[in-house]
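This report concerns only the one structure given below.
Side-chain atoms are counted along with the backbone in the values below, which use heavy atoms only and exclude waters and symmetry mates.
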Amino acid sequence: MSSEVVVVMVPFVAQGHLNQLLHLSRLLSPYNLPIHFLCTATNTRQARHRLHGWNPNDLIHFHELPDPEFTSPPPNPNSTTSFPTHLQPSFNSSLHLRRPVADIIRRLAKTATRVAVVHDSLMAYVVQDVESIPNAETYAFRALSIFYIFCFQWEKRGRELPFEPHLLRRLPTSMESLTQEFMDFLKLQYSHQKIHVGNLYDSSRLIEGKFLEYMEKDEINGKNHWAVGPFNPVEIQSEPRFAIDGRHNCLQWLDNQPENSVVYVSFGTTTTFTEEQIGELALGLEKSGERFLWVLRDADKGDVFTEDGARRVELPEGFEERVAKRGLVVRDWAPQLEILRHQSSGGFVSHCGWNSSMEAMTAGVAIAAWPMHSDQPRNAFLMADVLGVALMMREWACRDELFTSVKVEKVIRKLMDSEEGEVVRRRAAELGGELRRSMAEGGVGRNELDSLVEYIRR
């Protein structure tokens, strides 16, 4: 019998979730904990292909599970909901991973003193058999902001949230834009979230400490909580995979722009716009006069490696030629971490997914918030109305309206060239510095990580 304690990562099958647990694996590896990453062959390939900022080789043991069969339709830009319903077949397919995941954990448990299974909260059904393995235990990784979880739990208990009335009136509801099918999927996962010994968050007490303290005091979701973020690397390595000189062409373009001058525009992996809305966004960027780097991609399909049904959006005639000296449009995957950390990046038009939010806050880049669905409206509220590191670009109450080029132009100019924007950008830069320092020895993030590892090894 080995004296080893091993960690098993069981991520959910969507890019933001895969990415987060890969980054957590990097944080844990210096503690000499063997890390095993269990995911389907296709999703493992996706996660590794898109990873940047560090190299996972020799740090992680990857276990490629058989790919369950599922349909992989393209996203529908004209859907009546902004939620990525086309991904639901992929989400449902993850339920078939229960047996292969349990088999690997049982095998590891035979030669380890303890197996710590860190699973995405959306994989609680899949890891339910860990309860029958005497020397294994589960930790629920909650891929959302602590703020979102706190608000949801507080409202569920019928309590008043601790905000001034004017802020409460602006706070979006927690479950808007979720489909019934996804709600049913969530309920199935919740029904199996009873055996975990602790909760992990890609966050920091520096930004969400008071909300975490509320939950700890009331023992919500159990008494053990660790905010061990930011997960994304404080120091990043440029990967030699995209271009001749080892860097993506957009980074070479950024090299030639003035410091803090570029607006980075990206809406993540689950957002699909109509062509009309894309046209308005393009004209707004053009009229603003600001430099910009725009990653223009459709939402991911369930299987990102299939090209069937891929859409190439047509921009307004002559747009790219007119903005060629100050704007760049990228239509493939781009290294967001390196873009946000580049000295030329001065602002970020974002959907406010939690991955992007944490990456922006760690980089110290202010956000123009354009939330689309799920937790994003409340993330935007947290950053704009609580932390002061974002401006609201499109208010959630106006989500069903076309956001015109006039409004796009106005908000981008406010972010990049106004006194109000300067205050937000300065606050974002300050917070970024605090977050990066928090992961050094003695920092609040490093202490939280040390505490987690100590508990795993207890």
Side-chain angles (χ1 to χ4, degrees), residues 11-20 39-47 49-50 65-97 120-123 125-126 143-144 175-189 266-279 281 295-314 330-334 336 350-356 370-377 379 394 396 399-400 402-403:
F12 185 55
V13 291
Q15 176 60 33
H17 300 248
L18 295 166
N19 196 41
Q20 285 176 305
C39 199
T40 66
T42 296
N43 285 115
T44 299
R45 178 186 169 202
Q46 173 184 329
H49 176 71
R50 291 178 169 182
L65 308 177
D67 285 299
E69 289 187 12
F70 62 90
T71 58
S72 183
N76 177 10
N78 300 306
S79 173
T80 55
T81 175
S82 56
F83 186 83
T85 55
H86 67 289
L87 294 177
Q88 193 65 51
S90 169
F91 298 165
N92 294 343
S93 76
S94 68
L95 301 178
H96 296 289
L97 300 177
D120 195 293
S121 60
L122 295 181
M123 297 292 276
Y125 171 89
V126 170
L144 310 175
M175 306 302 272
E176 283 179 306
S177 90
L178 299 181
T179 63
Q180 186 58 52
E181 190 173 4
F182 187 69
M183 290 285 289
D184 292 341
F185 183 85
L186 286 178
K187 289 175 184 175
L188 175 63
Q189 304 302 327
S266 178
F267 292 90
T269 56
T270 62
T271 297
T272 298
F273 281 131
T274 63
E275 298 213 5
E276 184 181 20
Q277 184 60 81
I278 289 171
L281 178 53
V295 177
L296 178 57
R297 301 174 62 252
D298 247 355
D300 277 352
K301 296 171 64 178
D303 181 350
V304 302
F305 298 108
T306 60
E307 297 297 327
D308 298 343
R311 177 176 69 138
R312 180 180 174 84
V313 177
E314 294 301 321
V330 176
R331 291 181 177 270
D332 58 1
W333 184 257
Q336 180 162 293
S350 173
H351 62 305
C352 299
W354 191 239
N355 239 354
S356 289
W370 185 332
M372 300 302 299
H373 60 79
S374 307
D375 59 320
Q376 297 163 16
N379 295 342
R394 190 184 72 165
W396 183 240
R399 60 191 177 279
D400 295 327
L402 182 71
F403 198 71

Of all residues at least two apart in sequence or in a different chain, which pass the side chain to side chain donor-acceptor pair (under 3.5 Å) check with Asn355?
none

Output the distance between atom OG1 (Thr81) and atom CZ (Arg399), rounded to the nearest 0.5 Å.
9.5 Å

Distance check, rounded to the nearest 0.5 Å: Phe273 atom CZ versus Leu281 atom CG?
6.5 Å

Taking ring pair (Phe, Tyr, Trp, His ring centres under 6.0 Å) as the definition, give me every residue that meets it alongside Phe403, ordered by chain and number, with sequence neighbours left out.
Trp370

Minimal heavy-atom distance between Ser93 and Phe70, with the atoms involved, is OG-CD2, 3.6 Å

Given the rule in the side-chain contact (heavy atoms from CB on, under 4.5 Å) test, do Leu97 and Met123 qualify, once you have shown the distances and angles that lead to the verdict?
CA-CA 9 Å; Leu97 300 177; Met123 297 292 276; 4.0 Å; yes

Looking at every non-hydrogen atom in both residues, tell me the closest pair between Val126 and Ser94 and how far apart they are.
CG2-O, 3.3 Å

First locate atom CG of Leu296, then atom OG of Ser266, and finally report the distance between them rounded to the nearest 0.5 Å.
10.0 Å

Partners meeting salt bridge (Lys or Arg N to Asp or Glu O under 4.0 Å) with Arg297 (sequence neighbours left out)
Asp300

Would you say that Thr71 contacts Lys301 through its side chain, given a criterion of any heavy-atom pair below 4.5 Å between the two side chains?
no

Can you give me the closest heavy-atom contact between His86 and Pro89, atom names plus distance?
O-CD, 3.4 Å

Is there a donor-acceptor contact under 3.5 Å from the side chain of Gln376 to the main chain of Met372?
yes

Between CZ of Phe182 and CG of Leu87, what distance do you get to the nearest 0.5 Å?
10.0 Å

Write down the atom of Ala143, the atom of Asp120, and the distance for their closest heavy-atom approach.
CB-OD2, 4.1 Å

For a quick check under 3.5 Å, do Gln336 and Ser356 share a side-chain donor-acceptor pair by atom type?
yes

Apply ring pair (Phe, Tyr, Trp, His ring centres under 6.0 Å) to His17 and list each qualifying residue two or more places apart in sequence or on a separate chain.
Phe12

Do the rings of His373 and Phe83 sit parallel, tilted or perpendicular, given the 30° and 60° boundaries?
perpendicular

Compare all side-chain heavy atoms of Leu95 with those of Leu188 and state whether any distance is below 4.5 angstrom.
yes

The side chain to side chain donor-acceptor pair (under 3.5 Å) partners of Glu276 (sequence neighbours excluded) come to none

State, to 0.1 Å, how close Val13 and Ser90 come at their nearest heavy-atom pair, and which atoms those are.
CG2-O, 3.7 Å

By side chain to side chain donor-acceptor pair (under 3.5 Å), which residues pair with Asp67, not counting sequence neighbours?
Thr40, Thr42

Do side-chain atoms of Gln277 reach the backbone of Leu402 as a donor and acceptor pair under 3.5 angstrom?
no

Rounded to the nearest 0.5 Å, how far does CG of Leu178 lie from CG of Asp184?
11.5 Å

Verify, without hydrogens or angle tests, whether Thr306 (side chain) and Asp303 (backbone) share a donor-acceptor contact under 3.5 angstrom.
yes

Cys39 to Leu18 - nearest heavy-atom pair and separation
SG-CD2, 3.6 Å

CZ on Arg50 to CZ on Arg45, rounded to 0.5 Å:
11.0 Å

Decide yes or no for Phe91 and Leu186: does some side-chain heavy atom of the first lie under 4.5 Å from some side-chain heavy atom of the second?
no

